[in-house]
Structure formats: structure tokens, C-alpha cells
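What follows is a set of notes on a single structure, which appears directly below.
Since the model is a prediction, treat every value here as computed from it, not as a measurement. Counting convention: from 1, in listed order, for ligands and their atoms alike.
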Amino acid sequence: MPRLPYRGRLAPSPTGLLHVGHACTFWIAYQRALEQRGKLVLRNEDLDPQRSKPDFAQAMIEDLQWLGIRWQEGPDIGGPFAPYQQSRRRESYLEAWRKLRDGGHIYPCTCSRKDLATAAAAPNEADDEPLYPGRCREKISEARRRNTPSDVNWRFLVPDGETIGFADLRQGPQGFVAGRDFGDFVVWRCDDVPAYQLAVVADDAAMQISEVVRGADLVKSTARQLLLIRALGLPIPAYYHCDLVRDQAGVRLAKRHGALSLRVLRAQGLNPQDVLRMYALQ
Ligand SMILES: [Zn+2]
């Protein structure tokens, strides 16, 4: 089935200055939208009220523009699927939460941080969520009695043993086993903030995104999101996970390397072509 019209998205979080690793991913997303004569949506993923800052949101728009990336819909220019700030889309996430609750897909988890620290297996990778032991699964019968998600963590009940597979347009065929490679993941946090997984699935569907371009560190998260997409009865986008940018020594560029924010490279006198030649087009 041809996926037309092409709709891609740039989805930065305004929790710091735009890093060169993210910039490369956004550049690739921009190129793919151009090649397919599609539209590109800028979505401000400012869900986390503690970490998101309006100044960073403004800086990220300026930095993307400096790099030469252009988008057709976004928080700065509006569009048919506004608002393009996650902090203003809460009602849509609540609707998804209700649907998951009514479908028997999620349960309230009252484990404390301490419970989880002692019970959970250590995550395999630094950026991975520890495997939840499923202690609160029996509370699924209580789920329908709750009208709002507040005060507890809500977890998605994964189908243990099922392999969740997808064909990644860059990384090739992927498969992750539910209950082994990832456990019951959080869809709504106890501080009443929707989790990343739920928000992106709801937004990508609402904004009719046909292809998701993002970093390879999110490949496994895609398996979680595919379970949410299935539970919510939403269309499945195509996935293109970009290779992670590494420096000359082969070390992955993480966001914490402040020296490699676009602002710093720009202050050092580099122009956008230099940055792209050094990283995105290497
Ligand atoms: Zn629990």
C-alpha cells in the first residue's frame, strides 16, 4: 500500500539546547519529506513540566531554522492539527487513557520507587526501562473504577512471550519479545503526566504521520508503541530509525555532551554546511 501523502515529523523535547546528534536525525527527516514531496510537522514535546523550558523551545526553532530545515506545520506557524505543543494536548491523551482502561489494557501500579529498585531486574542498556515484575497486574480489575489517572503509575499489560516485529526502513527487520526484552511499561505517570509512549502514539495518529524518523535509541520503544497502536486501533506508520551519530573515536554523542550543541558549534564559527558535512552526511 502506498503511504500517501507523506507526512513526517520533527519531535524535539525542549529540555536543553539542540544537540548535533538530534540535528542529524532532524536533517534526515527533512530530506525524506523533501524526497517524497511530503509535509513535515514540528511538534514540541514539552510534556514534562519540570524539565521543559519555553526558552529551549524557542532556541530549538531557531537552531532548526539556522540549519536550513523547513516545516509546513508547527507551534510557530499553526496548521490543521494544532496545537503542536504536547503540553496543550492533554485531552487527547486522556481519551487514549480511557480507551486503554476500558479495553482492559492498563492497570494502576502503586509500587514505590523503593519496591521497584529492589524487585526489578537491572536494565540491559543505560537508556532502557527496567523490566517491571508485574506485581500490580491483579489490579487490572480496579482500573475501571478510576475516572482519572492521577496519583498512581499506569502500566500497559504486555502479552508475555509474543514477539513484536516490524520492518525498519533503515535498520532492517526488528523483533522484541514482550515480557523478556521489555516489561509492562508506564503509560501515565503518578505525577499526572502522560508517558512519552502514549503521547507520541496519540499524536502521530492525530497528526496523520505516515513515517516516523528518529534515532536508533528508540528502536525498542517502537515495539511498546506498536502494542499501544494495536490496543487503540490506530494506523501503523512506517519507521525509519537513523544510525546514532558517533564522534571520530566511535563514541556515541549523547545529549549531555554540552560542547556539541548547535549553539556552541555556531559560536565556534561553523556554518550549517560545516556541521552537516561533519556529522549528518558522513
Ligand atoms: Zn506495581
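Here the straight-line distance linking atom OG1 of Thr25 with atom OH of Tyr240 works out to 10.0 Å at 0.5 Å rounding.
Classification of Asp184 and Arg135 as a salt-bridged pair fails, no side-chain N sitting under 4.0 Å from a carboxylate O. At a threshold of 4.0 Å, the pair Arg43-Asp204 counts as salt-bridged, since one of the basic side-chain nitrogens sits closer than that to a carboxylate oxygen. Lys39 has no carboxylate O lying under 4.0 Å from a charged side-chain N of Glu211, or vice versa, which leaves the two without a salt bridge. Between Arg98 and Glu91, at least one side-chain nitrogen of the basic residue sits less than 4.0 Å from a carboxylate oxygen of the acidic one, meeting the salt-bridge criterion.
Legend: residues meeting ring pair (Phe, Tyr, Trp, His ring centres under 6.0 Å) with Trp154, ordered by chain and number and at least two apart, are Trp97.
For the Zn ion (ligand 1), the count of nearby protein N, O or S atoms, meaning those under 2.8 Å away, is 4.
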